[in-house]
J.: 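So that we are looking at the same thing, I have put the structure below in structure tokens.
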Amino acid sequence: MDLPLMIDAVVFDCDGLLVDTETSWTRAETAIFAEHGHGFGLDQKQIVIGKTLAAAGTAMADYFGRPGEGPALAQRLHDLVAVELAAGADALPGARELVSGLRGRVPIAVASNSPRAFVDAALISAGLDDLFTDVFSADDVEHPKPAPDLYLVACAKLNATPSRTVAFEDSRTGVASARAAGLFVVGVPSLPGVELDVDAVFTTLADPVLTAQVRQRAARSQNGPPSNSAGT
């Protein structure tokens with residue numbers, strides 16, 4: 001499906017969508033699973049991807065059969081990911097080009113389920129921090145993804161109507177959040193073979209069809225709909 005012809009704003013997830021941080025998270029998650037005698041593969045990744053630290057901790061505690069240990073596991077995950085991110089992370093293919101093509105034409109923002117410190121570190125490491133004025137994290141809302149709050153806060157700040165706002169997401173948790181907020185959702189899955197309930201899907205932000213559509217819609221939105229004397 002094509003993107004909407006007119007766009008009020010575009011909101012991006014961060015981890016696994018703009019920045020290649022999922023490898024950092026995966027290494028940390030793999031270590032924790034190993035510490036509890038479990039392997040870590042695609043099925044295990046599915047239970048934690050896109051979640052907040054607290055939700056991931058709870059999911060791991062349930063998987064390990066250790067109810068009540070969610071907060072401790074969340075803290076362990078935080079500490080390991082912090083070390084991983086300190087080593088740096090790269091922008092994913094097409095991220096800077098796509099965002100640069102939108103900046104100054106339509107309002108843009110980041111809405112991430114990660115803690116603020118992690119989001120800032122990822123964007124700075126990837127060299128994308130200069131492109132965003134508005135960045136929202138799990139720290140900014142009472143109910144993060146999959147609740148709609150992060151996207152609704154972003155739309156309110158950008159003075160955008162949710163139904164005329166495009167969300168870019170890579171995980172089911174993020175997609176559920178954007179859907180609940182009423183946005184048009186573009187999926188760019190970060191895990192192989194994962195199907196997302198989205199309005200449009202691409203394998204990479206560098207897809208030339210996506211790039212062309214985004215730039216066309218941004219230009220149209222910036223200039224307003226063309227006048228039509230025939231009224232059709």
Side-chain angles (χ1 to χ4, degrees), residues 10-33 35 40 44-61 69-96 98-99 108-154 157 167-178 181 188-191 205:
V10 179
V11 184
F12 295 89
D13 180 46
C14 181
D15 295 307
L17 188 282
L18 292 175
V19 187
D20 184 19
T21 51
E22 281 304 335
T23 53
S24 297
W25 284 86
T26 296
R27 284 192 291 267
E29 291 151 358
T30 299
I32 293 174
F33 272 69
E35 290 168 0
F40 190 83
Q44 290 72 32
K45 184 67 177 179
Q46 289 275 33
I47 74 170
V48 294
I49 189 171
K51 289 182 168 61
T52 61
L53 284 167
T58 298
M60 289 189 290
E69 293 189 14
L73 289 167
Q75 184 61 53
R76 176 65 172 152
L77 181 59
H78 173 280
D79 295 345
L80 291 175
V81 172
V83 172
E84 291 286 346
L85 289 179
D90 296 327
L92 282 161
R96 184 169 187 86
L98 186 64
V99 177
I108 58 174
V110 169
S112 171
N113 238 14
S114 288
R116 164 69 62 174
F118 285 7
V119 181
D120 290 344
L123 292 174
I124 291 170
S125 177
L128 300 176
D129 57 303
D130 62 311
L131 297 178
F132 292 99
T133 300
D134 296 297
V135 177
F136 305 95
S137 74
D139 299 336
D140 298 316
V141 294
E142 182 177 357
H143 303 291
K145 303 175 187 179
D149 301 34
L150 265 171
Y151 278 106
L152 292 177
V153 166
K157 180 64 183 297
F168 280 83
E169 277 287 353
D170 71 300
S171 72
R172 290 172 178 168
T173 300
V175 168
S177 174
V188 186
S190 57
L191 295 181
L205 293 178

J.: Output yes when a side-chain donor or acceptor of Ser177 lies under 3.5 Å from a complementary backbone atom of Ala147, and no otherwise.
T.: yes
J.: Where does the angle between the aromatic ring planes of Phe168 and Phe12 fall among parallel (under 30°), tilted (30 to 60°) and perpendicular (over 60°)?
T.: parallel
J.: Taking Thr58 for its side chain and Ala54 for its backbone only, find out whether a donor-acceptor pair lies under 3.5 Å.
T.: yes
J.: Supply the atom-to-atom distance Leu191 CG to Gln46 CD, rounded to the nearest 0.5 angstrom.
T.: 5.5 Å
J.: Within the side chain of Arg27, is there an N or O that forms a donor-acceptor pair under 3.5 Å with the backbone of Leu80?
T.: no
J.: State the CG-CG distance between Asp20 and Leu92, to the nearest 0.5 angstrom.
T.: 5.0 Å
J.: Can any side-chain N or O of Asp120 pair as donor or acceptor with the backbone N or O of Ala117 at less than 3.5 Å?
T.: no
J.: Apply the side chain to side chain contact (heavy atoms under 4.5 Å, CB included) test between Leu128 and each candidate in Val99, Val19, Val110; give the one that qualifies.
T.: Val19
J.: To the nearest 0.5 Å, what is the distance between CZ on Arg76 and CG on Leu73?
T.: 10.0 Å
J.: Ser125 side chain to Ala89 main-chain N or O, any donor-acceptor pair under 3.5 Å?
T.: yes
J.: Could you pull out the closest heavy-atom pair between Val81 and Ala28, with the gap in Å?
T.: CG2-CB, 3.7 Å
J.: Determine whether Trp25 and Leu77 satisfy the following criterion, side chain to side chain contact (heavy atoms under 4.5 Å, CB included), listing intermediate values before the conclusion.
T.: CA-CA 8 Å; Trp25 284 86; Leu77 181 59; 3.8 Å; yes
J.: Can you name the nearest heavy-atom pair linking Gln44 to Phe33, along with the distance?
T.: CG-CE2, 3.6 Å
J.: Any ion pair linking Asp90 and Arg96 (charged N to carboxylate O, less than 4.0 Å)?
T.: no
J.: Taking only Lys NZ, Arg NE, NH1 and NH2, and the carboxylate oxygens of Asp or Glu, determine whether Lys157 and Asp134 approach each other closer than 4.0 Å.
T.: yes
J.: Nearest 0.5 angstrom please: Leu17 CG to Leu205 CG, how far?
T.: 5.5 Å
J.: Return yes if some donor-acceptor pair links the side-chain N/O of Asp149 with the main-chain N/O of Val141 below 3.5 Å, else return no.
T.: no
J.: Run Asp170 and Ile49 through side chain to side chain contact (heavy atoms under 4.5 Å, CB included) and show every step you take.
T.: CA-CA 9 Å; Asp170 71 300; Ile49 189 171; 4.2 Å; yes
J.: Okay, side chain of Asp15, backbone of Thr21: is any donor-acceptor separation there less than 3.5 Å?
T.: no
J.: Considering non-hydrogen atoms only, spot the tightest contact between Ser190 and Glu22 and give its length.
T.: OG-CG, 4.4 Å
J.: Quick one: CG on Leu18 to OG on Ser112, what's the gap to the nearest 0.5 Å?
T.: 9.5 Å
